[in-house]
Amino acid sequence: MAAPRIVRIAILPFGMVNCHLIIGDGGCVLVDAGLPGSEGKVARALKRHGLTWADIRLIVITHAHVDHAGGAARLRRLTGAPVLAHCGDLAYYQQLVPMNFCSTGWFGRLFLRTGLILQPYEPFTPDILMAEGQVLDLSRFGVDGVVRHTPGHTAGSVSMELASREVLVGDLIASGILLGGLVRTQHAIRPPFEEDPQATALALQRLVDAGMETFYMGHGGPLPAAEVRAHARKLRRLG
Ligand SMILES: [Zn+2]
Ligand SMILES: [Zn+2]
């Protein structure tokens with residue numbers, strides 16, 4: 001299979017909130033669904049690349065925060081594609097319990113107070129529910145790569161690892177300032193919220209050790225492996 005193309009879809013401008021379209025030999029995979037109501041932005045990105053809803057063969061949701069999972073139910077109806085996500089975040093996808101937010105600094109605390117991140121979204125049950133530690137091959141969806149369980153940002157976070165040594169990690173790491181993006185996008189930061197920094201450090205280090213070279217993320221990015229390795233080291237020092 002040829003290396004897939006990664007297209008960044010701006011859900012908010014300046015890289016503040018991204019989702020990504022992976023255009024592979026045999027089909028497309030949408031990674032994250034953006035905030036509720038993001039379908040127009042996804043539709044425009046598809047059109048720019050000569051694609052339609054029917055070309056999306058799979059929707060991967062990296063974790064249950066509203067800026068990644070909020071549009072999933074609607075995008076599933078529009079594309080007819082199955083939604084893949086991890087069981088660790090299932091109760092949040094189904095909106096059965098309120099999400100837990102561990103702020104990483106003043107911006108996270110302030111952002112939490114705005115209520116934006118707490119907004120409910122249309123609940124859904126993933127069609128493909130990944131189990132603890134599971135690795136799922138994506139070749140049947142037309143893309144040479146796997147989805148791997150990479151807990152840390154949330155218990156059910158997953159990353160999409162491509163054979164081209166590019167990886168889409170959701171919010172395991174961010175870059176830029178505040179929410180992420182805007183400026184200094186070559187500089188790694190912690191996202192505003194993070195459940196378990198040590199698990200995050202381990203997951204990032206494993207991806208670097210596995211030979212991943214370019215990291216795409218929900219806020220800011222992309223980042224080279226050296227910057228990710230240095231960030232994982234800083235997280236480990238938090239103890
Ligand atoms: Zn998040
Ligand atoms: Zn996010």
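Just follow the structure's listing: the first ligand is 1, and inside any ligand the first atom is 1. Values below: all heavy atoms of this structure, side chains included; hydrogens, waters and symmetry mates excluded.
Screening Leu162, Val147, Thr62 against Leu168 for a side-chain contact (heavy atoms from CB on, under 4.5 Å) leaves a single residue, Leu162. Of the candidates His68, His20, His63, His68 is the only one forming a side chain to side chain donor-acceptor pair (under 3.5 Å) with Asp32.
For the pair Ile56 and Leu21, the minimum side-chain heavy-atom distance is below 4.5 Å.
Side-chain contact of Asp67 with His219: a donor-acceptor pair under 3.5 Å is present, judged by distance alone.
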Show which side-chain atoms of residues 77-85 pair as donor or acceptor with protein atoms under 3.5 Å away, not counting sequence neighbours.
residue	atom	partner	partner atom	Å
Arg77	NH1	Glu122	OE2	2.8
Arg77	NH2	Glu122	OE1	3.2
Thr79	OG1	Leu75	O	2.8
Thr79	OG1	Ala81	N	3.0

Q: Apply ring pair (Phe, Tyr, Trp, His ring centres under 6.0 Å) to the pair Phe101 and His65, showing each step before the final yes or no.
A: CA-CA 9 Å; Phe101 290 94; His65 288 155; 5.0 Å; yes
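Within the protein, the N, O or S atoms lying under 2.8 Å from the Zn ion (ligand 1) are His63 NE2, His65 ND1, His153 NE2, Asp171 OD2.
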